[in-house]
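In each ligand, atom 1 is the first atom listed, and ligand 1 is the first ligand listed.
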Amino acid sequence: MARTRSFFTLTSLLLAGLSTAKYIVPGGRWHDTDGKLVNAHAGCVTVDKSTGKFWLFGEYKVEGQTEGGGVSVYSSSDLATWESHGLALAPVEDHPHIAPSSIIQRPKVVYSKVSKEYHMWWHADNSSYGLLLQGFARSPNISGPYTFVSATAPLGNWSQDLGLFTDYKDGRSYSLYSNGDRKEGRDVYITSYNEDTTGLEKVIHRFDKYDLEAPTIVQTDKSYYALMSHKTGYRPNNVVAFRADSLAGPWSQPFMVAPLNTRTFSSQSGFNLRIEGTKKTTDLYLGDQWDSNSLWESRYIWLPIDIDDKKKTLNLVWNDVYDLNVKTGEWSPVKGTAYYGKDAKTNGAAFKQEANFASQGTIVAGIAGNDSTVTFEGIEGTGKPQWVSFYYQNTDDLGFGDQPGGTPDRIGGAWQLRRIASVVVNGDTSKVETLFQRDTHKSIILSTPLLLTLVKGKKNTITVGGLYNGFDYKGADIDRIVVYPSEKS
Ligand SMILES: *[C@@H]1O[C@H](CO)[C@@H](O)[C@H](O)[C@H]1NC(C)=O
Ligand SMILES: *[C@@H]1O[C@H](CO)[C@@H](O)[C@H](O)[C@H]1NC(C)=O
Ligand SMILES: *[C@@H]1O[C@H](CO)[C@@H](O)[C@H](O)[C@H]1NC(C)=O
Ligand SMILES: *[C@@H]1O[C@H](CO)[C@@H](O)[C@H](O)[C@H]1NC(C)=O
């Protein structure tokens with residue numbers, strides 16, 4: 001008996017090794033192997049060339065504390081399953097630069113062939129952003145602990161949002177940074193590191209006065225694409241890219257990288273990862289979906305990037321759920337089954353409304369509280385957890401009309417980032433799932449996934465209502481839901 005069981009375990013392990021075990025689900029609640037939320041914001045993924053493992057670094061944020069949590073680190077072999085290794089850079093009481101009251105933002109980690117150590121750089125600041133420095137720490141071990149070395153002004157200038165780019169052709173690294181919000185600043189720099197990535201050498205290019213932030217560079221055989229976001233705090237905007245043949249330029253005019261008014265699928269740029277597989281090279285956009293209402297719950301929007309060097313275009317490709325094979329570099333969308341608002345049952349004040357931009361011309365509006373809900377029926381489930389994407393429209397309007405890149409829809413708007421819907425499976429109100437529905441713009445439909453367990457068979461129901469989000473009980477308008485197959489295990 002025991003023997004049979006271990007045979008099957010071994011077989012399934014082998015099978016799991018052959019295909020990707022888990023899907024990548026942008027905007028979902030990602031849990032690590034301990035069942036905790038993956039807590040690494042605005043960071044980077046560094047590949048350990050000797051093992052092929054991916055290491056995710058980012059800002060560690062806990063509930064009630066938005067800054068000063070230090071830098072967390074996770075490892076993965078498939079970019080979907082993450083194991084926590086705690087803090088790579090822990091805050092130190094009373095330290096001038098890495099105290100719990102310090103700003104430790106946008107950490108980037110790079111391997112130095114000279115020192116044979118890992119070097120970490122970040123935006124180092126005090127809580128009023130008055131220092132604008134670059135922090136530097138190092139470790140012989142990729143997972144850390146990293147030892148603080150310095151916090152310096154790059155070539156004497158200011159430095160706010162920090163990115164780091166390594167050219168795959170010659171291995172040289174570059175620091176990317178915006179020089180703050182002051183009138184004399186508002187530029188973004190590309191500055192080369194020395195051979196050892198312990199300091200900066202010279203300015204290669206300066207993007208003058210575009211007033212952008214969160215820079216990252218995507219490289220192809222022919223081009224460099226520099227992605228940056230506008231400055232709207234923790235609210236998303238339309239990320240733009242510049243293209244050039246060389247890092248020194250000339251750089252093109254900036255252009256948007258996602259469908260207009262999706263605000264880059266409610267995300268901000270910050271890093272990207274090149275996966276050079278045996279069959280294909282895939283570039284991934286690693287964006288942040290900040291949540292200013294609860295920063296610690298911010299999500300990750302990781303998407304494949306579609307680049308056409310002949311047309312000189314770059315676009316992010318939205319997928320609710322996709323399957324990436326990090327060995328071959330291939331990825332494919334996972335196919336789901338859609339259930340439409342038009343066919344669903346409304347309750348209370350919820351109603352079906354004409355909407356020429358919605359699926360089958362209909363959207364469900366008026367969702368609020370427990371009694372004005374929409375119920376999708378006849379949903380097929382597997383009996384195991386599966387991702388379900390909820391497509392909605394939330395027209396609160398972020399109220400950023402006076403800021404570049406913000407919505408022009410409303411001056412001094414509601415300033416609400418999201419509504420919250422309740423999701424109940426098969427009428428079981430003892431388990432209410434919370435679905436954050438970000439502001440989308442009028443007539444823009446976006447989706448957010450939840451991991452739900454339905455019963456096996458075709459008799460499931462899913463009911464969507466509204467929960468209190470700090471100002472009312474309204475849920476966003478629902479277009480449809482898409483139910484995805486369970487992950488392979
Ligand atoms: C941050 O540093 C600047 C420059 O030294 C200083 O003016 C400011 O008071 C500091 N802020 C805090 C909160 O210490
Ligand atoms: C390096 O980190 C790994 C993973 O956290 C750990 O298992 C290993 O013991 C560390 N090695 C050293 C030399 O600290
Ligand atoms: C930083 O650069 C800007 C121009 O981009 C310049 O006006 C400013 O004086 C510089 N600041 C410092 C501290 O060197
Ligand atoms: C929804 O129902 C719960 C109990 O089932 C109740 O506590 C809550 O106040 C209700 N909310 C609204 C908005 O009706």
Taking the six-membered ring for Trp, are [X] and [Y] ring centroids under 6.0 Å apart?
X	Y	value
W82	H31	no
Y189	H205	no
F207	F242	yes

Self-check item: Donor-acceptor pair between Q105 and Y129 side chains, under 3.5 angstrom
Solution: yes

Quiz item: Would you say the side chains of S72 and N39 form a donor-acceptor pair under 3.5 Å?
Solution: no

Quiz prompt | Results of ring-ring contact (aromatic ring centres under 6.0 Å, His included) for Y484 - residues two or more places apart only | solution = none

Quiz item: For ligand 1, what are the residues with a heavy-atom contact below 4.0 Å?
Solution: N126, S127, S128, G130, L131

